[in-house]
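Here the structure is laid out as structure tokens; the discussion comes afterwards.
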Amino acid sequence: MQEQLLNWYHKNARDLPWRRTRDPYKIWVSEVILQQTQVVTGTAYYERFVERFPTVQDLAQAPLEEVLQAWEGCGYYARARNLHAAAKQIAEDPFPETFEGWLALKGVGPYTAAAVSSIAFGYPKAVVDGNVRRVLARWYAIKEPTELWLQTTADGLLVVQEAGNWNQAVMELGATICTPKAPKCPECPVKTFCKAYQSGKPTDYPAPKVRAEVKEVQAVALIVGDLHTLYIEKRPEKGLLGGLSGPPLEQVQSGETAEVALNRLLGRLAAKEARFLGTIEHTMTHRHFVVQVHQAQADLPRTASTVAMSRLDRKLLGVLQEKQGSLFG
DNA sequence: AACTCGGGGTA
DNA sequence: TACCCAGAGTT
């Protein structure tokens with residue numbers, strides 16, 4: 001089976017930018033960007049990131065704000081903060097070459113440590129990501145595989161002499177053939193080894209994960225000034241959209257009206273003459289924001305030129321753009 | 001072991 | 001709409 005899959009991978013591997021380099025730094029960057037980010041989305045971020053920060057020393061010396069700016073819109077911003085911190089940790093040292101060495105870095109968990117050490121250094125450790133989980137669950141017809149079973153089974157199947165290629169081959173199969181909803185089993189190079197295929201119902205494996213419900217969040221945002229003299233504040237590092245900047249935002253607590261939240265916001269900023277601009281909605285994995293955007297007057301400093309904002313923040317500013325017709329940032 | 005943390009692709 | 005994405009850190 002290993003030979004079949006490796007041969008298939010050799011002929012069918014997608015031409016992805018991080019497969020054109022052996023640079024551990026660039027492979028590391030790609031793996032962090034690809035955490036919970038699909039290849040189609042991550043590719044553009046990868047290209048821009050390694051162009052702006054070509055070496056780990058460039059990244060280590062850059063201000064955090066610039067790193068977050070390169071990450072704008074990509075989500076899970078702790079990845080950017082941790083990557084920057086880890087770059088500072090090792091900029092003066094040689095790169096780790098083992099699974100354990102990579103695992104010690106901030107933002108590097110079992111998946112990324114296995115991926116970088118195997119792909120860049122040939123270290124014999126199996127990756128377990130969403131693709132591998134699905135592929136193994138189908139090969140063995142296991143509906144609810146545990147993390148321990150997955151890692152043990154993956155390590156047992158690893159082709160030690162070709163650890164990096166094997167790891168990528170399993171992921172490639174999961175991404176292009178053994179897909180979640182409509183797997184292309186007839187094209188699968190290893191279908192004869194697959195119990196889920198033999199069962200005739202491959203999509204029964206693995207069972208879907210129970211997901212938290214999407215909670216609706218009401219909030220009020222305040223735009224002070226206009227598009228050229230905007231007041232933007234930086235959120236605390238921890239929590240939702242931590243470390244990013246945006247217009248002041250105040251959640252409407254349960255049992256209170258938007259007006260109460262707006263007055264709280266106006267009080268905090270010593271702002272007055274609020275006028276309603278519009279409402280935006282923004283959905284994240286586990287939250288659906290409904291935000292009333294208001295504009296007001298206050299004596300506050302204007303925004304620094306380099307700030308990183310989330311999609312939600314951009315959407316809030318979009319309401320003002322519709323009224324003023326000019327572009328910020 | 002269960003939450004939290006973004007945003008978007010696909011059927 | 002449901003489900004998932006080349007997961008990690010915290011509780």
Side-chain angles (χ1 to χ4, degrees), chain A residues 9 13-14 16-19 27-46 68 71-83 85-86 102-116 118-119 126-137 144 146-148 150-151 154 164-176 178-184 203-204 206-215 217 235-244 246 281-289 308-315:
Chain A
Y9 178 66
R14 290 168 292 177
L16 302 173
W18 47 88
R19 287 182 176 161
I27 293 170
W28 175 25
V29 169
S30 77
E31 294 300 345
V32 174
I33 288 174
L34 294 172
Q35 288 167 11
Q36 294 295 287
T37 300
Q38 297 185 168
V39 166
V40 282
T41 307
T43 299
Y45 283 94
Y46 170 82
L68 287 171
W71 213 270
E72 262 193 278
C74 194
Y76 288 165
Y77 299 95
R79 293 182 294 173
R81 284 199 303 274
N82 288 335
L83 181 60
W102 281 98
L103 193 58
L105 301 182
K106 276 194 176 182
V108 177
Y111 164 77
T112 305
V116 180
S118 67
I119 295 170
V127 296
V128 176
D129 74 333
N131 292 306
V132 175
R133 176 181 133 83
R134 185 172 54 258
V135 168
L136 294 187
E144 295 185 346
T146 65
E147 290 309 307
L148 179 60
L150 285 166
Q151 189 65 60
N165 283 334
W166 171 255
N167 278 334
Q168 294 189 83
V170 183
M171 292 192 284
E172 190 80 358
L173 186 73
T176 63
C178 195
T179 51
K181 291 183 182 175
K184 305 172 179 67
T203 54
D204 282 2
K209 284 187 175 175
V210 212
R211 287 165 203 283
E213 61 168 325
V214 181
K215 289 182 180 171
V217 179
R235 300 194 185 86
E237 297 281 309
K238 296 199 173 190
L240 197 67
L241 303 179
L244 273 73
E281 298 192 21
H282 185 80
T283 303
M284 299 177 183
T285 301
H286 52 290
R287 260 180 262 261
H288 180 73
F289 278 89
M309 286 190 268
S310 71
R311 302 273 182 187
L312 170 61
D313 298 305
R314 293 289 174 196
K315 214 176 272 189

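Reminder, nothing fancy here: chain letters follow the sequence lines and each chain counts from 1.
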Residues in side-chain hydrogen bond (donor to acceptor under 3.5 Å, both in side chains) contact with A:Tyr45, at least two apart in sequence or another chain: A:Arg311
Pairwise C1' distance for C:dA6 and B:dC3, with rounding to whole Å: 22 Å
If you go through the side-chain atoms of A:Arg19, does one of them form a donor-acceptor pair with the base of C:dA6 closer than 3.5 Å? yes
Would you classify A:Val108 as touching base, sugar-phosphate or nothing, given that sugar-phosphate means primed atoms plus P, OP1 and OP2, and contacts are heavy atoms under 4.0 Å? sugar-phosphate
How does protein contact run along nucleotides 4-11 of chain B, one letter per nucleotide 5' to 3', with B for base contact, S for sugar-phosphate only, - for none, heavy atoms under 4.0 Å? -BBBBBBB
Using whole Å, report how far CH2 of A:Trp166 lies from P of C:dA6. 18 Å
Separation of atom NZ in A:Lys209 from atom C1' in C:dC4, rounded to whole Å: 10 Å
Base, sugar-phosphate alone, or nothing: which one does A:Ser30 contact when heavy atoms must sit under 4.0 Å apart? nothing
Working note: A:Val29 + A:Tyr46, criterion side-chain contact (heavy atoms from CB on, under 4.5 Å); need CA distance, chi angles, decisive distance, verdict. CA-CA 7 Å; A:Val29 169; A:Tyr46 170 82; 4.2 Å; yes
Please classify the nucleic acid contact of A:Trp71 as base, sugar-phosphate, or nothing, using heavy-atom distances under 4.0 Å. nothing
A:Glu31 or A:Lys238: which one's nearest nucleotide on DNA chain C is closer to the 5' end? A:Glu31
A:Trp166 and A:Ser118, any side-chain heavy atoms less than 4.5 Å apart: no
Evaluation steps, side-chain contact (heavy atoms from CB on, under 4.5 Å), between A:Met171 and A:Leu34: CA-CA 12 Å; A:Met171 292 192 284; A:Leu34 294 172; over 6 Å; no
Just how far, in rounded Å, is C1' of C:dC4 from CZ of A:Arg134? 8 Å
Any A:Val132 side-chain heavy atom under 4.5 Å of A:Val127 side chain: yes
Of A:Gly107 and A:Asn131, whose nearest nucleotide on DNA chain C comes first from the 5' end? A:Asn131
Mind checking A:Leu16 for me? I need base, sugar-phosphate or nothing, with any heavy atom below 4.0 Å counting as a touch. base
Apply side-chain contact (heavy atoms from CB on, under 4.5 Å) to A:Gln36 and A:Tyr76, showing your working. CA-CA 9 Å; A:Gln36 294 295 287; A:Tyr76 288 165; 3.7 Å; yes
Tell me whether the side-chain N/O atoms of A:Arg211 come closer than 4.0 Å to OP1 or OP2 in C:dC4. yes
Interatomic distance, A:Ile33 CD1 vs C:dA8 C1' [rounded to whole Å]: 16 Å
Just the rounded figure in Å: distance from C1' of C:dA6 to CD of A:Gln151. 14 Å
Separation of the P atoms in C:dT10 and B:dG6, to the nearest angstrom: 14 Å
Rounded to the nearest angstrom, tell me the gap between atom CG in A:Asp129 and atom P in C:dC4. 14 Å
If we ignore angles and hydrogens, is there a donor and acceptor under 3.5 Å between the side chains of A:Arg19 and A:Gln168? yes
